[in-house]
Amino acid sequence: MSRSTKPLLISAGVALAAVVLGLVSWQTTAPEGRRAGRPDSSASAGEESSARSALQKLARRDAGDKLATGRADAPVVLIEYSDFKCGYCGKFARDTEPELIKKYVADGTLRIEWRNFPIFGAESEAAAKAAWAAGRQDRFAQFHTAAYAEGSKEKGFGEARLLELARAAGVGDLERFRQDMAGPEAAEALRKDQEEGYRIGVSSTPSFLINGRPIAGAQPLSAFTRAVEEAKAAAQ
C-alpha cells in the first residue's frame, strides 16, 4: 500500500467518518476468525453506522460519469481511490477488478466509480489528467487497462508516453486529448477527487469504499466479494 505525505483535510460534515475510518477498515479486512472481536476504540456501533452512512453518500451515481462502469442504480457501489504509479493499484486492476466486473458488474449488482488520487508527484497527476481526457472520448476503461498493464508504470508517464497510451487505448482525436489533458476542466476534476479523498481521511492507495465500507489496500479477491455480497444483502 502506498502512502501520501499530504495533510488530511477533514471537514466538519465528515469528521466522524474520518475518525472511525481506521476501525471500520480493520473490521472489513480482518480475517474471518477475528472479525467477531474488535480493537479498543471509543467509537460506538452507532458512530460507525453514522460514519458508514456519510461515506455511502459519496457515491455519485452519475449516469454520465465517464470514469465509472456499471449501472447508476446498482445496489452496490465500489469507489476506488487510486494512482497510476501505484504498484498495488496495478495489482488490483489486473488481478481483482476484472473478476468483480465479470461477476457483479455484468449482472447489475455492482457499480465501480473511479477517483483520481495521485500521490507520487507530477507524473501521477499527469496520468490522472490523461485518464480523464481519455474518458472524454469514452476510452477511460481502455486507457486504465493500458496504463496498468504489467511493466507499464516503469516506463513513466511523460507526455510522449501518455500519448502512446492514448493510442493504445484507441483514443481517436489525439489533439483533443492533448488539449483536454492540459485544460482547466481536467485540473478541476482532479482537484474534486483529491479533496474528496483527503476529506474522509484517505492517505494511501489503493483505498476503497463499498457502500460506505472501507477496504484498505489491494486485498485478496475474497475480501471484495465478501464485502459486495454483504452490501448487496443489506441493500435488499
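Hydrogens, waters and symmetry mates play no part in the numbers below; they use all other heavy atoms, side chains included. Just so we're clear, the structure is a prediction, and the values are computed from it rather than from any experiment.
- Ring pair F117/Y198 is tilted by interplanar angle, where 30° to 60° counts as tilted.
- In terms of the side-chain contact (heavy atoms from CB on, under 4.5 Å) criterion, residue partners of Q236 (sequence neighbours excluded) are, by chain and number, K232.
- Taking hydrophobic clusters as Ile, Leu, Val, Met, Phe, Trp and Tyr residues chained together by side-chain heavy-atom distances below 4.5 Å, F140 shares a cluster with L163.
- Aromatic pair F84/Y148: ring centres closer than 6.0 Å.
- We find that D83 and K85 are not joined by a salt bridge, their nearest charged nitrogen and carboxylate oxygen being 4.0 Å or further apart.
- Between the side chain of Q219 and the backbone N or O of A216, at least one donor-acceptor pair lies under 3.5 Å.
- Note on W132 and F143: same hydrophobic cluster, where clusters join Ile, Leu, Val, Met, Phe, Trp and Tyr whose side-chain heavy atoms are under 4.5 Å apart, directly or indirectly.
- Between the side chains of S152 and R161, at least one donor N or O lies within less than 3.5 Å of an accepting N or O.
- In the hydrophobic clustering of ILVMFWY residues, with side-chain heavy atoms under 4.5 Å counting as a link, W114 and M181 come out together.
- Using a 4.0 Å cut-off between a side-chain N of Lys or Arg and a carboxylate O of Asp or Glu, E230 and R213 qualify as a salt bridge.
- Looking at E97, its side chain never comes within 3.5 Å of a backbone N or O of F92 through a donor-acceptor pair.
- Using a 4.0 Å cut-off between charged side-chain N and carboxylate O, E229 and R226 make no salt bridge.
- In this structure a side-chain-to-backbone donor-acceptor pair under 3.5 Å is missing from E80 to I112.
- Clustering ILVMFWY residues whenever any of their side-chain heavy atoms sit less than 4.5 angstrom apart, transitively, puts L67 in a cluster other than the one holding V77.
- The backbone N or O of A59 sits nowhere less than 3.5 Å from a side-chain atom of N211 that would complete a donor-acceptor pair.
- The existence of a salt bridge linking R61 and E113 is excluded, since no basic side-chain nitrogen approaches an acidic carboxylate oxygen closer than 4.0 Å.
- Between R60 and D193 a salt bridge is recorded (basic side-chain N to carboxylate O distance below 4.0 Å).
- Under a 3.5 Å cut-off, the side chain of S53 and the backbone N or O of S49 do not form any donor-acceptor pair.
- Under the 4.5 Å side-chain criterion, counting only non-hydrogen atoms from C-beta, R136 is not in contact with K66.
- Residue E196 is tested with R191, R115, K57 for a salt bridge (charged side-chain N to carboxylate O under 4.0 Å, His left out); the sole match is R115.
- A salt bridge links E175 and R178; the closest N-O separation between the charged side-chain nitrogens and carboxylate oxygens is under 4.0 Å.
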